[in-house]
Peer 1: 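Okay, handing you the structure first.
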Amino acid sequence: MRELMYLQAINEAFAEELERDEKVFLMGEGIQTGTFGTTTGLVDRFGPDRIMDTPISETAIAGAAVGASLMGYRPVADMMFSDFMYIAADEILLKAAQWRLLQGGTQQLPCVFVANIGGYRKLGNEHSQCPYSMMLHNPGLKVVIPSTPYDAKGLLKTAIRDNNPVIFLYHKGLLPVMGEVPEEDYTVPFGVADIRREGTDVTVVATSFQLFWAEAAADMLKDEISIEIIDPRTLEPLDIDTIMTSVRKTGRVVIVDEDTERCGFAGELATQIMERGFYDLDAPIKRVCAKNYPIPGGIMEKFVLPQPEWVVQAIKDVMVD
Amino acid sequence: MRELMYLQAINEAFAEELERDEKVFLMGEGIQTGTFGTTTGLVDRFGPDRIMDTPISETAIAGAAVGASLMGYRPVADMMFSDFMYIAADEILLKAAQWRLLQGGTQQLPCVFVANIGGYRKLGNEHSQCPYSMMLHNPGLKVVIPSTPYDAKGLLKTAIRDNNPVIFLYHKGLLPVMGEVPEEDYTVPFGVADIRREGTDVTVVATSFQLFWAEAAADMLKDEISIEIIDPRTLEPLDIDTIMTSVRKTGRVVIVDEDTERCGFAGELATQIMERGFYDLDAPIKRVCAKNYPIPGGIMEKFVLPQPEWVVQAIKDVMVD
Amino acid sequence: MEFGKEDLIKLYVNLVRTRAFDRAAIKWLATGKLLSFYHPAEGGEAPGVGGTTFLRKDDVISPHLRGHGLPHMIGKGVDPKRYMAEHCGKATGFGNGLGGFHSAMDEFGMFGGTGTLGSCFPLSAGWGLAAKKNGTGQVVVCFFGDGTSNRGTWHEAANMAAVWKLPIVWVCENNGVAQYMPIQDAYPLEDLANMASAYGMPSAVVDGQDVVAVAEAVMAAVEMARNGDGPSFIECKTARFSAHGIGNPDKLHGKDRTTEDIAKLRERDPIVLFRTSLLEKGVLTPDDVERIDQEAVAEIDETEKFIDESPFPDDPALLDAALYAE
Amino acid sequence: MEFGKEDLIKLYVNLVRTRAFDRAAIKWLATGKLLSFYHPAEGGEAPGVGGTTFLRKDDVISPHLRGHGLPHMIGKGVDPKRYMAEHCGKATGFGNGLGGFHSAMDEFGMFGGTGTLGSCFPLSAGWGLAAKKNGTGQVVVCFFGDGTSNRGTWHEAANMAAVWKLPIVWVCENNGVAQYMPIQDAYPLEDLANMASAYGMPSAVVDGQDVVAVAEAVMAAVEMARNGDGPSFIECKTARFSAHGIGNPDKLHGKDRTTEDIAKLRERDPIVLFRTSLLEKGVLTPDDVERIDQEAVAEIDETEKFIDESPFPDDPALLDAALYAE
Ligand SMILES: Cc1ncc(C[n+]2csc(CCOP(=O)(O)OP(=O)(O)O)c2C)c(N)n1
Ligand SMILES: Cc1ncc(C[n+]2csc(CCOP(=O)(O)OP(=O)(O)O)c2C)c(N)n1
Ligand SMILES: [Mg+2]
Ligand SMILES: [Mg+2]
């Protein structure tokens, strides 16, 4: 099958959905040029009214996306770095997420917020975060964090077609990664986890870029430990059933997630697993997350962001007794 | 001992710290009048330069507090409703919280963000939340949620004297509650939980206003179940040791917290307890939290916000087998 | 826009109905029928009523919080029954009992309200963008208070509206105070309309107690916007006769507003002023006035009956249905 | 302010040093010595240098991202060694290797940088408030780009500064572009200085390629602020000679900037213009020029040596110490 880079897969998903539905439009800072290539070239095909370069006004971009979605458009707000979404927290976490319910549940808000996540580039706290736990914490948003070109394209198309606000977060570290992407139209449904590798000793739930660490660890340990790796792909809706089926089989769990540990997705998932499968667990669940510090600039980030050896260690830890 | 209302205790803490240290000042919307009584009257004693009424500019209020703290002042930013802190998310969650580490850790940012939390007033999502889990998630902030007049005063004084940004959240439902408050100067240290009631069967960790539900439940069940109730008082720093000592004794845990369940404090604490005391637990930990919906306006909030009977049920649930 | 006799009467009727509903809301809050809180419109009805009465049904409005949007809704032609039912928490409300004081009436171009002041600005930019894109001539009229104008969201939205020439009219209801804060301590110039000059936006300052002056200024701006000439700014100098919210002290900077201050404001009651002028001009007779008052009373009674007969919502499943659209 | 010969030479030296450091940063990024990213200052050095060279040491500055604050730091009198060490991730950096391109030099009134553009505005309001409170005559000079001026935070901070008469000078470095966006598509008027009129704030538009003009305008505004006359706004029309950041395409709306466009900008190189004028006036001789260039080269060499000899931080305990103050 044809291979594309993750960033090309995203770009192609945009192009196809722009083509398919004239209500779809994109807006964001410099998107006609495209800071990360995900929107590059689209303006040549769809024109500046549908690929809108905006002023540096994150709050207005996000709020305008919400507004336009209420009037039947399907805006995609490109927020560039997900860290900049803090600037539009009211617009994204309260307006986009909660408007529908607060007005009685009769409206539709089909908008997508797209942004990059992730560290390992020594850029410091405001260009490195994975702030999706905050988005999960404020009910009303669907949250999508694809780890492959295939999923990036298929999930982005689903996101744009969804009648609810969706957060679509692509990882900087994945942008140049190649993978198979069919030529035909396809979508990937929300709420269906991907079992990336089957195993019987330990369940490793890993997200986005962290799947690299999980797979590297599984490779390293393959002669000793049989590891099942699960990529939830969407964090809301979350395919807890697939995870629980795996947990019931292995009894041991490591969660690898790049967002900050405290009050993060990993703790949430650990608690949900415990609530549902306490008696199936043979050892305490281990979290491998960004440690509870701001992400420093420079090389010190290596002490904060999850490292491959932390995953190996966590897997060994849950195998004890 | 003298009794004061919770709101008076807060007011008195402000007055004493304003008196004690001329670098302390307050700013916020309408604080010279005082929307909830917590700042009422202070302007008569300390004048408008230290009790500053501001324009409706949450972002600038919060950012200015951060700025002034870097220059040796000890500003208190009154954000009125904690829901409005979303508007200043960049300023509070990234600037206040993370500035010090990102500049190398040599500066001090002694600022306090004060706001009310809590529902049960039918005001809907943007006047009812308890958004401290988001504050815990972004490292660098201390988070204080007092449940009694005594603690409100003592913790607020500690907050103002702390050389770091502190979030001080008082619950609307507690404002008129009376309690003993000494006349003499005292402070309550951060990171020390309060064992509100001793017991041997179940550990109930409850926060802020939820202590009422926890105590009501314990009263109801007192002939059947011996319940230990712990108020962490500060969520960061968190007195996990006191909680673990209790868990080792009881083996059963219910966490009652008004913030939204998903990626919230309760799940974080549940995970921390599991990580440290997995083998001490006799049953899965139960969370009683706001359900994963926006808080509706009107009476429908009763289906979302924790209710006393939910606590009773959760305690019974953890007693099974 | 030229206003005929019918137009003037319509404005007057809407003002009277607004005040009747405002008083009802105050009473119903006291008796526990109305839930949460209420911020009375009395004295500040004209900007909302004048700014909406002559809009197209599909024009979009973002109501200001004062009177919880009643002046704007009534002007826009919404029957307030289901809005008031919502505010009383009833299942028959526009928000099915989930919204409280928020609630949307999409078919009247009201997509709903919010609790954070100033979040209306980015949303209005989005509505304006959609209106421009769909090319049907829809206009967005965004109403907000003097205090709310200090939110940074206005700058972003106003700039976006100006640079993209969006069909938006910003209507500032400047009643001189924001809760307990006088506007002269929150903004350095006399007229908030100066804010428009930062974006080269046309602006006007009008007597906000003169409902006709408001309607004229707003409708001129609306015509401009409809013709593709972009956004503009109307500042209405109006008043707040009572305290910020029911149960709040009527203070500024911690000091009581004096009875003289209030009495002076009340001299320029927008309804009294307009009634006097309509009676003088012979557009209305004393009998008409009497009848209009009685009709308003009847409408309130009918609304109260509707509310009282409506059930409270009582099904948690409503939440699941309301959380996500299909 | 009257500038004497020494002053002019100081300005010139600071411009030359700025460009030398800018070039070094570009080179060091290419070789992996400088970490993360870099946004070159070339063509836009004069606002930063002119706006800071004559400030008091305790005046507060908020540098713009362009050149990552090098023009401003150098003007302010900071030895860039430890700043560059920080940017190279070294333990000897101003941020002890924790900050990267952020880092504070409190004793020079630089409390640090941020990653989110426009968060400088509320912080500057706070610095201005502290400066007003402490009564020492400190002034805050906040530098920002044309693109950054579109953030709503500016409105809130500027309004607060105006209404409280805070000693703040807003210096807009308008280079006509924000990353890939021309300012004429992001703001509706010719001059960003119009933004000041919303708050009745004095403003001036100056040739940002003329370092003396910048210094004059900024220092006049600084004097006003020092005297308690409140904030003002200086717009410097400047230029960006290269792409937004190293490794980025030099495009606007997805189309390449033409070589003619760039050539035209380069005709007004602030260093060349100033050098020519100083040589003409006899303030500098060709020998001086040569010597100043060589001194700058020597300073770069020394800085590089310092960086190369500095260790990387390697102790996670640094994080605990940096998270909270005692
Ligand atoms: C973002 C935000 N800040 C503060 C409040 C609290 N609040 C509600 S009404 C009000 C005053 C609004 O003043 P103005 O805009 O002048 O409207 P008015 O009440 O005078 O009609 C305030 C501060 C809020 N709801 N949202
Ligand atoms: C809040 C925020 N939005 C976007 C960015 C990404 N960004 C970095 S520099 C830049 C352009 C800034 O333009 P301008 O203010 O004109 O400064 P210039 O680069 O032209 O000197 C952008 C969009 C950011 N860092 N922060
Ligand atoms: Mg007002
Ligand atoms: Mg620029």
Side-chain angles (χ1 to χ4, degrees), chain B residues 22-23 25 27 48-50 52-75 77 87-111 139-142 162-166 190-191 236-237, chain D residues 58 60 62 86 91 93-106 109-116 118-134 138 140 151-161 163-164 166 313 318-326:
Chain B
E22 61 175 25
K23 294 290 189 187
F25 70 94
M27 60 180 159
D49 288 344
R50 297 187 65 203
M52 304 183 74
D53 272 353
T54 65
I56 301 177
S57 298
E58 282 75 10
T59 317
I61 296 166
V66 176
S69 78
L70 280 163
M71 283 177 65
Y73 286 88
R74 307 185 84 82
I87 291 171
D90 183 25
E91 283 61 35
I92 298 174
L93 303 180
L94 297 180
K95 298 304 169 297
Q98 312 207 331
W99 189 272
R100 176 178 153 85
L101 189 140
L102 267 290
Q103 316 300 334
T106 58
Q107 300 167 319
Q108 295 188 344
L109 290 90
C111 50
L141 298 168
K142 300 190 178 180
D162 199 284
N163 287 325
N164 296 284
V166 179
F190 288 177
E236 165 64 9
Chain D
D58 68 342
V60 178
S62 176
E86 180 65 37
F94 269 120
N96 302 317
L98 285 163
F101 61 98
H102 315 76
S103 73
M105 290 134 274
D106 289 16
M110 291 181 65
F111 295 103
T114 87
T116 49
S119 56
C120 57
F121 300 129
L123 292 167
S124 293
W127 293 325
L129 181 58
K132 184 178 173 181
K133 279 183 185 290
N134 71 26
Q138 264 173 302
V140 178
R151 281 285 320 274
T153 45
W154 189 73
H155 171 64
E156 295 197 2
N159 181 55
M160 205 175 249
V163 80
W164 289 348
L166 303 181
L318 269 175
L319 293 167
D320 277 317
L323 182 62
Y324 292 125
E326 290 289 289

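Labels below follow one simple rule: chain letters A, B, ... track the order of the sequence lines, proteins then strands, and each chain is numbered from 1.
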Peer 1: Would you mind checking which part of D:Glu86 comes under 4.5 Å of any heavy atom in chain B, side chain (CB onward), backbone (N, CA, C, O), both or neither?
Peer 2: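 For D:Glu86, there is no contact with chain B at all, as no heavy atom is under 4.5 Å.
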
Peer 1: For D:Asn159, is it the side chain, the backbone, both or neither that has a heavy atom under 4.5 Å from a heavy atom of chain B?
Peer 2: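 Interface part for D:Asn159: side chain.
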
Peer 1: Heavy-atom cut-off 4.5 Å, strictly under: side chain, backbone, both or neither for B:Asn163 against chain D?
Peer 2: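 It is both, since atoms from each part get that close.
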
Peer 1: Measure D:Leu318 against the heavy atoms of chain B and call it side chain, backbone, both or neither at under 4.5 Å.
Peer 2: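 Answer is neither: D:Leu318 stays 4.5 Å or more from chain B.
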
Peer 1: Can you check whether D:Gly113's main-chain N or O pairs, donor with acceptor, with B:Gln103's side chain at less than 3.5 Å?
Peer 2: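 Side chain of B:Gln103 to backbone of D:Gly113, a donor-acceptor pair under 3.5 Å: yes, one is there.
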
Peer 1: Are the side chains of D:Glu156 and B:Pro55 in touch, meaning some heavy atoms are under 4.5 Å apart?
Peer 2: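 Answer no - side chains too far apart.
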
Peer 1: Is the backbone of B:Arg50 close enough, under 3.5 Å, to the side chain of D:Lys133 for a donor and an acceptor to pair up by distance?
Peer 2: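 Such a contact is absent between D:Lys133 side chain and B:Arg50 backbone.
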
Peer 1: Under a 4.5 Å cutoff for heavy-atom pairs, which residue among B:Gly140, B:Pro165, B:Ser69 has the most contacts with chain D?
Peer 2: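 Option with the greatest count: B:Gly140.
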
Peer 1: Under 4.5 Å from any heavy atom of chain D, what part of B:Leu141 do you find: side chain, backbone, both or neither?
Peer 2: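 The backbone, not the side chain.
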
Peer 1: Check each atom of D:Val140 against the heavy atoms of chain B and say whether the ones under 4.5 Å are side chain, backbone, both or neither.
Peer 2: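 D:Val140 has no heavy atom closer than 4.5 Å to chain B.
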
Peer 1: Please look at D:Ala321 and chain B and tell me whether the side chain, the backbone, both or neither of the residue comes under 4.5 angstrom of a heavy atom of that chain.
Peer 2: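 When you check distances to chain B, only backbone atoms of D:Ala321 fall under 4.5 Å.
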
Peer 1: Are D:Phe94 and B:Thr106 close enough that some pair of their side-chain heavy atoms sits under 4.5 Å apart?
Peer 2: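 No; the side chains remain at least 4.5 Å from each other.
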
Peer 1: Answer with side chain, backbone, both or neither: which region of B:Ile61 has an atom nearer than 4.5 Å to a non-hydrogen atom of chain D?
Peer 2: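 Both backbone and side chain of B:Ile61 come within 4.5 Å of chain D.
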
Peer 1: Side-chain contact, heavy-atom cut-off 4.5 Å: B:Phe25 with D:Leu129?
Peer 2: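 Yes. Closest side-chain heavy atoms under 4.5 Å.
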
